[in-house]
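Reading through the structure tokens given below for one structure.
Sequence positions, counted from 1, serve as the residue numbers for this chain.
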Amino acid sequence: MKKFENQGRYRQFAAYSEGELFNYYKIDKNGLSDDQVQALREEYGENVIDYGDKASLMEELVQAYLTPFTLILIGLAIISFFTDYVFAAADSRDCISSVIILVLVFISGTVSFIQSKQSNDAAEHLKEMVKVTANVKRAGDFNEIPTEEIVCGDLVKLSAGDLIPADLRIIESKDLFVSQAAMTGESYPVEKMAQATDHAETVVDEANLAFMGSNVISGSAIGLVIAVGEDTLFGDIAKTVTTEEEVTNFDIGISKISTLLMRFMGVMVPVVFLINGIHMKNWLDALIFAISVAVGLTPEMLPMIVTTNLVKGSQTMAKGGTIVKNLNAIQSFGAMDVLCTDKTGTLTQDKIVLEMHLNCDGDEDSGVLRHAYLNSYYQTGLKNLMDVAIIEATHRELDLDPNYYHKVDEIPFDFERRRMSVVVEDKAGKRQLITKGAVEEMLAISSLVLKQGQAIPLTDDLRQEIRQQVKDLNEDGLRVIGIAQKTNPPAVDAFSIEDESDMLLIGYLAFLDPPKESTQPALKALADHHVDVKVLTGDNEEVTRSVCRQVGISADSIINGIDLEAMDEEALAQAVEDYQVFVKISPQQKAQITQILQDNGHVVGFMGDGINDAAALTTSDVGISVDTAVDIAKESADIILLEKDLMILEKGVVSGREIFGNIMKYINITTSSNFGNTFSILMASLFLPFLPMMPTQLLVLNLIYDIACISIPWDRMDASYLKEPKNWDASHVKNFMIYFGPISSIFDVLSFVALYHWIIPQVLNGTYWSLSTGQQAVFEALFHSGWFVVSLWSQTLVLHMLRTEKLPFIQSRPSFIFTTITTIGIIFGSLLPRTKLGFYLGLAPLPGSFWLLLVAIVISYLVLVTLVKHFYVKHYGKLL
């Protein structure tokens, strides 16, 4: 493959004439043939950049099996192997503990790997549904093809809103302005043109070269591809600069909780080891038991539970018409408490209708429509919905031949001037500068106004009269833009923004931009789920107020971009909280408002579909766009809506919260159960002459419980839980452990006392110390079996008790999958002492009196958990 070894190659292409460029690739103006495409792809490579974020199959396996928790388990398995087998006496060698620990690692790693693989495959599949394409000429015709299929030598047509798909040499251009922020960090657009130029200071400054990673702001062009994929300047940056993945709200939450659990384990395990070692005088057995306790404390299923939840959520959202490009954004969707949205095309329909074309006397005037048409028809930028409405209305109402005119020049639209101009000339030689834009901007550049067919000076009184007419239209929900013209402007080489002055204001156009039918119910649904919606628009106050009124958004608090510019940081931080509607906002201000809301502690979503929304989409926690958005908006978004129905937003929020709830269900309940078991073990170690449960038995118990927990992602969450935004809080996990962990310990101790002093002595007709050594072994087996079954029942049933703030099974029903798998786990564990496997594990069949104890213990335990749960929710305001 040929490489651009240095930037001299770019200089060479910049200096080539069009003929030299075509000769270099042996092509012509018809573009490449199929044979040429394949040959050039083999010679110059694929148009794909390896960002280093797609792991190989081996890397995915390593990541699945070697998590912080599984590394601990593997270490414990190695220690257990040496203590139980290598250093043990020949007649007592047993590696079953190591095997069980490795089984836990295998189950956790395998399920995590499968889910992660499915997750990555699903994400890739979903991303393919929102492919970024380019308009490429091959065999004489321009067609949209995926950007990764582009090869060196391809001819690419560019227009406003396009991402530049590869490094290009411009061969034709019409007022092409591109943003090279990805390359230079400069936000201001630069003009590109076809003419060969003298060498610029840097390659990026070459006026006839355009680069991958840039995007077209306005104008149009045709470029010839001179570098693809990793050979581009952008690809070179990707190879040489290591960029860390942005740490998300999701990552921070998982990290905090993992750290909390590690610290907890680091304190409890040594304590268990010391107490048992001192009490039983057998440090090796104490070490083996402490290892088993460590395994029991390790939430080895956490990565699998998280991954499974996210994959399941993305698949559910895909069925509802939502493409999730970034899986972790699902949880952020649920945590979102502020949604910032553009107005046009998001809250309002994609179809804008031209309602009126008025002169400055307030009368319908075909001349105004004709001038507007010439401006919209001949401009080379991205034709927005208003341009389309103007062209359609002209075709309906006027018999106008566009061939009678030709375009001389233009100044593209930008978000600072808020207007755009074209210069046209008719066959009679009359040249006109026609400008359209926001009315205030048009008044600012006009010195004359057309009244009663006469051009008269634009006085302050007339300005006020026009403003009032426009305001009346705005209050009726109509968007208004002004039209001005100037006859015989300077020649093309001298034409510039300065010529947009002393113009004649001839009238204005009024557009109806009705809200989407789904906007009002969607906003109400978001409000019901405590998501505050803020409107950020470049439109004026009156139109925005009208639309807000129609969709149910309070328009009492509106602020404009000019007022925001005058504020200091402290005032801005307060303003973004106080105001719900922001008008006359620039693209930079949209991103700024989003960032300030995040700094204030909010999880912020942004919804938009235009070039001016790209920065805010990138800044937000959750960027939301639509599949019909411009390329740069789709690339910047985390989530793509395939339908215009905004009710999908509510489904996304609910899905995110359900995923979060099921993850927290596992974390909270498992950690509290583990804490309770560890506390019970500490208590038992102080008075029992033997271990409360053998290490292998403890591992099997943990295995059964973990398998039952695999069903959690398929459980449902209460509707009341889904009403509030959900976010990570490690301190809440700690509180949950402290409240609910000791409750299980109370009933564990009661079980210990009943088993040790009543049930087992009745079965064996004697206390532990009065029995022979053989009978003591039976005593221990019965004790271990009893606590094994009690612990399994209490651990599993408490999943049902603490999965909801309500009464389980009565007020809140678990899912069928969750109920079935947990029930199977309880049945299997209860029957295990009566099986050969149970005998091998050192368990023994339990007497009938035990089952009476079990019923009493379990019912009492669940009742107390219910009472404490009520108090906990009242105190902390939430359960999970």
Side-chain angles (χ1 to χ4, degrees), residues 1-4 13 25 27 31-57 119-139 141-159 161-170 178 180 182-183 209-216 221-241 243 323-327 614 618 625 627-638 640 642:
M1 181 192 299
K2 290 185 178 180
K3 297 282 185 183
F4 281 163
F13 279 112
Y25 288 106
I27 62 172
L32 301 176
S33 66
D34 291 342
D35 291 340
Q36 287 176 306
V37 168
Q38 186 56 36
L40 288 165
R41 181 173 287 120
E42 290 175 1
E43 186 173 2
Y44 295 99
E46 302 272 353
N47 192 34
V48 176
I49 291 179
D50 180 9
Y51 291 99
D53 55 359
K54 183 173 174 56
S56 66
L57 184 65
S119 163
N120 292 334
D121 291 346
E124 289 300 316
H125 174 68
L126 295 176
K127 286 179 184 178
E128 288 175 3
M129 296 175 67
V130 285
K131 283 278 190 186
V132 175
T133 61
N135 197 1
V136 176
K137 191 175 189 179
R138 289 181 180 170
D141 296 317
F142 277 105
N143 290 293
E144 293 287 335
I145 66 170
T147 55
E148 59 267 23
E149 294 182 11
I150 288 173
V151 298
C152 284
D154 264 326
L155 295 174
V156 180
K157 181 182 287 186
L158 301 174
S159 58
D162 286 346
L163 285 172
I164 294 175
D167 287 353
L168 309 175
R169 162 62 201 275
I170 306 299
V178 304
Q180 298 187 147
M183 307 295 296
L209 297 182
F211 302 95
M212 175 187 278
S214 306
N215 60 282
V216 181
I222 294 177
L224 187 145
V225 177
I226 59 174
V228 293
E230 295 189 352
D231 285 345
T232 62
L233 288 187
F234 191 83
D236 193 51
I237 293 171
K239 284 185 292 184
T240 57
V241 179
T243 56
I323 302 304
V324 181
K325 291 173 59 184
N326 175 9
L327 278 182
T618 303
S625 194
D627 65 334
T628 54
V630 297
D631 290 346
I632 187 66
K634 287 192 287 188
E635 280 293 296
S636 304
D638 301 302
I640 307 289
L642 296 182

Rounded at 0.5 Å granularity, tell me how far CD in E43 sits from CD in Q36. 11.5 Å
Taking all atoms of both residues into account, what is the closest heavy-atom pair of N47 and T147, and its distance? ND2-O, 2.7 Å
Between CG on residue N215 and CD1 on residue I164, distance to nearest 0.5 Å: 7.5 Å
Under a 4.5 Å cut-off applied to non-hydrogen side-chain atoms, are I145 and I150 in contact? yes
Looking at E42, E149, R138, which one forms a side chain to side chain contact (heavy atoms under 4.5 Å, CB included) with V37? R138
If you compare all heavy atoms of K137 against all heavy atoms of D154, which two are closest, and at what distance to 0.1 Å? O-OD1, 4.3 Å
Please round to the nearest 0.5 Å and tell me the distance separating atom CG of D167 and atom OG of S214. 8.5 Å
State, to 0.1 Å, how close I170 and A210 come at their nearest heavy-atom pair, and which atoms those are. CD1-CB, 4.0 Å
From CD1 (I226) to CG (D231), nearest 0.5 Å: 11.0 Å
For R41 and E46, which heavy atoms make the closest approach, and how far apart are they? CD-OE2, 3.3 Å
For a quick test of reading the model, state the closest non-hydrogen atom pair linking F142 to L155 and the distance between them. CE2-O, 4.0 Å
Might you point out which heavy atoms bring Y25 and C152 nearest each other, and give the distance in Å? CE2-CB, 3.8 Å
Give, for atom CG of L163 and atom CG of L158, the distance between the pair rounded to the nearest 0.5 Å. 10.5 Å
From L32 CG over to I27 CD1, what is the distance, rounded to the nearest 0.5 angstrom? 5.5 Å
